[in-house]
Every structure is written in C-alpha cells, then in structure tokens.
Amino acid sequence: MKPVAIIGAGITGLTAAFYLKRKGLPVTVYEAGGRVGGVIQSVRKDGYLAEFGPNTILETSPKIAQLVRDAGLESRRLYSHPRAEARYIVRYRRPIEMPGSPLGFFATELFTAKAKLAVLREPFVPRRRDGQEESVAEFVKRRLNQEFLDHAIDALVAGVYAGDPYKLSLPHAFPRLAELETRYGSLIKGQIFGAGERKRRGEIAKDRAPKFSFDEGLQVLPDTLAAQLGGCVKLETIVAKLTQTSDGWWLNLLTKNGATSAEHSAAIYCGTAHKLAELKAVFGRSALPRGPEIGAAQQHRPTSGIDFSPFSEIRYPPVASVVLGFRREDVAHPCRGFGMLIPKVEGFNILGTIFSSSLFPNRAPAGHLTLTSYLGGERQPELALLSPDKLVGLTCEDLRMLLGVRGQPAFTHCVVYPRAIPQYNLGYGRYRGLLTEIENQAPGLFFAGHYRDGVSLGDSILSGCNMVERVGKFLTAK
Ligand SMILES: Cc1cc2nc3c(=O)[nH]c(=O)nc-3n(C[C@H](O)[C@H](O)[C@H](O)COP(=O)(O)OP(=O)(O)OC[C@H]3O[C@@H](n4cnc5c(N)ncnc54)[C@H](O)[C@@H]3O)c2cc1C
C-alpha cells in the first residue's frame with residue numbers, strides 16, 4: 001500500500017502519523033519548515049527554558065494521557081505545581097486572584113454586588129430559542145451582565161484566542177458553553193448537573209483539568225513523536241498541489257533541491273487555514289491515470305479544481321510572545337500561580353502573563369523567575385509587529401505597574417507569530433461545512449487540526465487521534 005500523506009508536522013499531524021504507523025499503516029509526513037512542532041517551540045538558553053508558543057497541555061481527555069504513555073514520555077512529563085493553581089485577573093489596575101469556590105466568589109473584590117447578583121439570577125434567565133448564532137459578548141450580556149463581559153470574559157477570551165468577544169461565535173469558539181444552555185437551560189445548572197455526565201465520558205472540564213509540560217518544555221512531545229516516526233518525516237518540503245488518481249492522491253512537492261512528486265493512498269491536511277488557501281487540488285477520481293504521466297494527461301480529463309480560497313478569510317491575528325527573566329528580588333509580587341489575564345478596559349499593552357517558573361521547576365536559574373507575556377491579538381494587532389526592543393519596553397512598563405518589577409530583565413527573548421490563532425468568529429460554520437463538503441466530494445482527502453476541531457493543544461491531539469479512525473475506515477473500505 002502507498003503511504004498516507006500527512007501535510008504538516010505540528011502536533012495534529014504528528015499525532016495522526018504516530019498512531020497510523022502504530023496501526024501498521026505506512027505514512028509520510030511533509031513539513032514546510034525546518035523543524036517539527038508547528039507553533040510549539042521551547043528553547044533553553046542562559047539557564048532559562050523559554051516557551052514561545054503554548055505553555056501547557058490541559059489533560060481534558062484520557063486520550064491525551066494515552067499519547068504521553070504511548071510515546072514513552074511519562075517519566076519526563078511534569079504536572080504543574082499544585083501551588084500554581086491561582087489565576088489572577090487585573091482590576092483596579094492590579095492583579096486580583098480569581099475565586100476558586102462559590103464562597104470565594106461572593107467574597108471577592110473582583111466583581112461588584114451587581115455582578116454577583118447577576119450570577120444568582122442566571123439560572124432563571126430563559127434560554128435562547130430562535131436558533132440565531134450569537135457572539136460570546138451577546139451571550140454573556142444576555143445571561144450575566146456587561147460587567148462580567150468587560151472584567152472577566154474579555155480577559156479569558158484574550159487568554160485562549162487572543163480574540164474579540166464581540167466577533168467570536170459562541171457555538172464555534174465555546175461549544176461547551178452553548179451546549180450547557182441548550183441542555184440545562186443555564187450555565188450554573190449545567191456546571192452542577194453536567195459534572196456527572198463528564199465523569200461518565202471520562203472527560204474533565206477545562207477549568208479543572210490537570211496541566212502539564214515536559215522536563216525540557218513542550219517541544220519534547222513533537223520531537224519524540226518525530227524521532228519514533230524516523231525517516232518518514234520530510235522537513236523543508238512544501239506540499240503545493242494534490243491531484244486525485246484512480247488509486248489515491250498524487251502530491252506535487254517543493255523541496256530545497258527542487259520540485260518532486262509522490263503518490264499516496266490518502267492525504268490528511270494538518271496545516272493552517274491560511275496555507276490551505278494557497279494549496280491547489282484537482283479531483284475527479286476515476287478519470288485520472290496513475291503515476292507521473294498525470295501532468296500531460298489531466299488536461300483532457302473531466303476533472304475539477306477544489307477552491308480553497310475561502311479559507312484565506314479566516315483571521316489569524318498576530319501575537320508576540322515576550323519571555324523575560326528577572327532576579328527574584330527585583331519582582332515585588334510573589335508570582336505564585338498560573339498567571340494573570342488583563343481585560344481591555346484596564347488599558348494595558350499586554351494581554352496577560354504566565355508565571356512560567358512558578359508552573360514548572362527548571363524554567364529559570366536559581367534565584368530568578370521567568371514571566372511569559374503576550375501582546376497583540378485582535379485587541380491591538382499592531383503591537384505584535386513592533387521591534388523586539390519596543391516589545392520588551394512595553395512589557396516591562398506593564399509588569400512594573402502590575403507586578404512591581406524593578407530594573408532591567410536578566411533575560412529577554414521575543415517571538416512574533418504573524419498569524420497566531422484562528423478566530424472562530426461569527427459565521428465560522430461556513431468553513432467547517434466547506435471542509436466536510438470537500439471530504440465528501442474528494443474521498444481520501446481529510447482535514448484535521450486547530451482550524452477545524454478547536455484551538456487548544458488537547459483539541460489538536462484529539463483531532464489527530466480521530467483522524468486515525470477515519471482514515472483507517474476509509475482504507476479498509478477501499
Ligand atoms: C502564541 C500561542 C500560544 C498558545 N498557547 C497555548 C497553550 O498554552 N495551550 C494550548 O493548549 N494551546 C495553545 N495554543 C494553541 C496550540 O498551540 C495550537 O492550536 C496547536 O499547537 C496547533 O497545532 P497544529 O498541528 O494543528 O498546527 P500548527 O502547529 O500550526 O502546525 C501546522 C504545520 O503545518 C505546516 N504546513 C502548513 N501548510 C503546509 C504545506 N502545504 N506543506 C507542508 N507543511 C505545511 C506548517 O509549517 C506547520 O508546521 C497557542 C498558540 C499560539 C500561537
């Protein structure tokens with residue numbers, strides 16, 4: 001059998017390839033860049049361990065722990081420090097710890113009495129029945145109130161999507177919240193009554209799921225999967241065009257040594273939506289011959305091109321990640337906890353900061369700490385594109401005010417993701433529908449990853465796992 005082509009060596013593609021190979025199916029992974037991991041990037045330098053992209057994986061499903069086990073990485077996995085559960089939200093221009101219990105909620109100074117009353121009223125707010133797609137902001141204002149949106153949800157949305165709650169679609173960006181209202185008529189009731197159901201399904205709610213990384217950062221996971229896949233991972237190889245043949249898919253590849261091609265039994269696209277828009281594809285299954293003669297032959301065959309251009313409309317705002325190291329005595333705040341999120345109304349440059357060295361040991365040299373801050377996103381995209389010096393300057397300015405940081409950082413590193421996280425904005429269903437339509441029209445071509453199945457690492461791992469089932473069934477039927 002010809003190998004299954006996996007396009008993209010981010011965590012989605014590597015998970016799919018790893019499990020397909022374990023099933024005994026041959027695979028080839030094509031990666032445009034010179035390294036594996038996609039947006040995952042951990043670098044150790046000057047005694048600091050810097051995560052430029054994601055920092056933690058949430059273990060929301062047993063399949064995530066299974067992947068770590070199957071990759072032989074249990075001994076290198078680090079769960080976040082139990083003391084690092086505290087999360088802060090900035091209000092009144094200082095970080096205030098988020099309450100961790102109902103009692104704590106009523107005592108916190110994070111919300112006014114009016115917002116607390118809105119929570120008590122929430123179970124009695126009627127569910128929406130007109131079937132209209134709502135933005136996250138509309139939903140929160142309807143079920144809770146404006147204060148909740150401005151001082152809590154806006155910050156949480158910045159932490160997950162670097163997004164705008166007025167644009168993000170509730171059912172696409174936060175499907176579980178939409179489901180709680182549909183099934184239980186209320187978020188509060190859903191939290192209480194949904195817990196048993198999640199337990200039965202072996203799932204854990206995102207706010208309670210254990211968080212983990214590895215001794216040398218998240219990069220350990222893609223590196224290990226790629227090492228186990230061995231020579232079937234082809235770096236610096238762009239998949240430029242896919243053509244359906246009578247027996248599978250013919251791929252046109254661009255490598256540093258020039259153009260080449262290869263035939264595959266099936267192809268799974270695990271790249272980004274904006275790169276998908278650049279891909280060319282031709283389908284017309286039975287019409288085409290096999291092999292290299294395709295180029296000349298296809299002009300006379302009844303084939304159709306797949307139009308991927310709509311995927312260029314999916315917004316990926318730029319995000320800059322600024323990793324700073326400080327001497328412990330130069331930071332007044334204890335920085336014990338996960339980190340702080342900052343709502344737009346507070347008027348800072350940064351979207352939030354992760355207390356990286358509080359989460360995991362060995363992220364900073366003794367007597368130092370590492371703070372990872374993010375700038376840009378939908379809130380202020382222009383900031384992400386500033387020079388590294390300016391990014392460090394703006395971040396230090398905010399950290400001085402919020403965490404009582406003094407002096408200059410002992411370590412700095414900035415990375416800019418010009419297209420960071422896809423925004424599941426209102427109308428996103430159109431793109432998901434289109435992917436299903438293409439899969440139906442062009443059997444053997446599949447789509448997986450963060451632009452389809454959810455933007456977290458856990459979602460991407462599950463997306464890769466699900467793809468193995470689907471491709472396995474397709475090949476068996478073939
Ligand atoms: C700054 C930042 C912070 C984040 N923080 C967290 C976090 O703390 N926790 C969390 O759970 N999630 C986080 N996320 C989200 C999460 O990291 C991503 O959603 C996830 O890693 C996506 O994985 P992926 O494999 O689907 O895509 P990617 O990582 O984007 O990989 C896709 C790969 O496909 C390749 N490719 C594309 N087109 C082609 C082609 N034609 N030919 C060959 N190769 C191609 C690309 O080069 C790329 O390497 C964060 C994301 C960012 C950007």
Side-chain angles (χ1 to χ4, degrees), residues 5-17 28-42 51-60 64 80 158-162 206 209 211-213 217-219 221-222 225-226 233-242 251-255 267-281 308 311 316-323 338-339 351-352 354 356 359 372-377 384 414-422 424 447-464 467:
I6 285 132
I7 305 165
I11 195 61
T12 308
L14 291 171
T15 303
T28 307
V29 182
Y30 296 109
E31 168 53 48
R35 48 176 285 281
V36 297
V39 298
I40 298 173
Q41 206 178 341
S42 325
E51 291 285 9
F52 301 145
N55 271 256
T56 52
I57 304 182
L58 284 181
E59 205 176 276
T60 46
I64 298 170
S80 61
V160 179
Y161 284 90
K206 283 194 167 149
K211 291 179 272 302
F212 69 90
S213 178
L218 286 175
Q219 185 74 46
L221 182 57
L225 296 175
V233 180
K234 313 283 181 206
L235 297 178
E236 296 182 324
T237 307
I238 300 169
V239 176
K241 186 175 174 188
L242 299 141
L251 268 57
N252 287 80
L253 310 165
L254 299 174
T255 72
I268 316 175
Y269 182 80
C270 304
T272 58
H274 51 90
K275 287 289 174 198
L276 177 60
E278 293 172 16
L279 203 63
K280 309 255 174 304
F308 289 124
F311 296 102
Y316 280 72
V319 171
S321 156
V322 180
V323 185
F338 184 85
L351 300 170
I354 294 178
S356 310
L359 273 178
T372 307
S373 304
Y374 298 97
L375 293 93
C414 302
V415 169
V416 177
Y417 292 90
R419 287 166 151 184
I421 299 173
Y424 287 17
F447 301 94
H450 66 276
Y451 62 93
R452 185 181 200 183
D453 294 328
V455 300
S456 74
L457 282 168
D459 293 331
S460 298
I461 290 172
L462 296 182
S463 176
M467 218 15 92

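One-based numbering, in listed order, for ligands and for the atoms of each. Nothing fancy with the numbering, it's 1 onward along the sequence.
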>> So F311 and L279, do their side chains get closer than 4.5 Å, heavy atoms only?
In response: no
> Going by the atom numbers of ligand 1, which of them fall below 4.0 Å from some non-hydrogen atom of I238?
Replying inline: 42 (N)
> For the atom pair OH (Y30) and OG1 (T255), what is the distance rounded to the nearest 0.5 Å?
Replying inline: 11.0 Å
>> Just so I know, are the side chains of E51 and P54 near enough to count as touching, which here means a heavy-atom distance under 4.5 Å?
In response: no
> Any idea which part of Y269 is under 4.0 Å from ligand 1, heavy-atom wise: side chain, backbone, both or neither?
Replying inline: side chain
> Of V29, L242, T237, which meets side-chain contact (heavy atoms from CB on, under 4.5 Å) against I7?
Replying inline: L242
>> Is L276 close enough to touch ligand 1? Criterion: a residue heavy atom under 4.0 Å from a ligand atom.
In response: no
> Numbering the atoms of ligand 1 from 1, which are under 4.0 Å from a heavy atom of S460?
Replying inline: 20 (C), 22 (C), 23 (O), 26 (O)
> Side chain, backbone, both or neither: which part of C270 comes within less than 4.0 Å of ligand 1 when only heavy atoms are counted?
Replying inline: backbone
>> Would you say that L253 contacts V239 through its side chain, given a criterion of any heavy-atom pair below 4.5 Å between the two side chains?
In response: yes
> What atoms of ligand 1 come closer than 4.0 angstrom to any heavy atom of G8?
Replying inline: 33 (C), 34 (O), 35 (C), 44 (N)
> Would you say H450 and ligand 1 have an N/O pair spaced under 3.5 Å apart?
Replying inline: yes
> Are any of the N/O atoms in I11 less than 3.5 Å from those in ligand 1?
Replying inline: yes
>> Would you compute the distance between atom CD1 of I6 and atom OH of Y269 and round it to the nearest 0.5 angstrom?
In response: 14.0 Å
> What residue and heavy atom of the protein are closest to atom 12 (N) of ligand 1, and at what distance?
Replying inline: L457 N, 3.4 Å
> Of all the non-hydrogen atoms in the protein, which one sits nearest to atom 8 (O) of ligand 1, and at what distance?
Replying inline: N55 N, 3.0 Å
>> Do L221 and I57 have side chains that approach each other closer than 4.5 Å (heavy atoms only, starting at C-beta)?
In response: yes
> Quick one: does Y374's side chain get under 4.5 Å of Y417's, heavy atoms only?
Replying inline: no
> For ligand 1, is any non-hydrogen atom under 4.0 Å from V36's backbone (N, CA, C, O), its side chain (CB onward), both, or neither?
Replying inline: neither
> Is S356 close to N55 at the side-chain level, that is, under 4.5 Å between some pair of heavy atoms?
Replying inline: yes
> Which residue and non-hydrogen atom of the protein lie closest to atom 18 (C) of ligand 1, and at what distance in Å?
Replying inline: V455 O, 3.6 Å
>> Which of the numbered atoms in ligand 1 are under 4.0 angstrom from any heavy atom belonging to T56?
In response: 7 (C), 8 (O), 9 (N), 10 (C), 11 (O)
>> I need the atoms of ligand 1 closer than 4.0 Å to a non-hydrogen atom of G449, numbered in the order shown.
In response: 26 (O)
>> Nearest 0.5 angstrom please: I421 CD1 to H450 NE2, how far?
In response: 9.0 Å
> Of the protein's non-hydrogen atoms, which lies at the shortest distance from atom 44 (N) of ligand 1, and what is that distance?
Replying inline: A32 N, 3.0 Å
> Of the protein's non-hydrogen atoms, which lies at the shortest distance from atom 40 (C) of ligand 1, and what is that distance?
Replying inline: I7 CG2, 3.6 Å
>> Checking the N or O distance criterion of under 3.5 Å, is ligand 1 in contact with T12?
In response: yes
> Nearest to atom 31 (O) of ligand 1, what protein heavy atom do you find, and at what distance?
Replying inline: G10 CA, 3.5 Å
>> For atom 7 (C) of ligand 1, what is the closest protein heavy atom, and at what distance to 0.1 Å?
In response: P54 CB, 3.4 Å
> Do L225 and I11 come within less than 4.5 Å of each other through their side chains, counting heavy atoms only?
Replying inline: yes
>> Under 4.0 Å, counting heavy atoms only: does Y451 come that close to any atom of ligand 1?
In response: no
>> Contact between L359 and I354 at the side-chain level, heavy atoms closer than 4.5 Å - yes or no?
In response: yes
> To the nearest 0.1 Å, how far is atom 47 (O) of ligand 1 from its closest protein heavy atom, and which atom is that?
Replying inline: E31 OE2, 2.7 Å
>> Suppose I only count heavy atoms of G271 and a 4.0 Å limit; which atoms of ligand 1 are within that range?
In response: 32 (C), 34 (O), 37 (C)
>> Using modelled atom types and a 3.5 Å cut-off, is there a donor and acceptor pairing between side-chain atoms of S321 and backbone atoms of V415?
In response: no
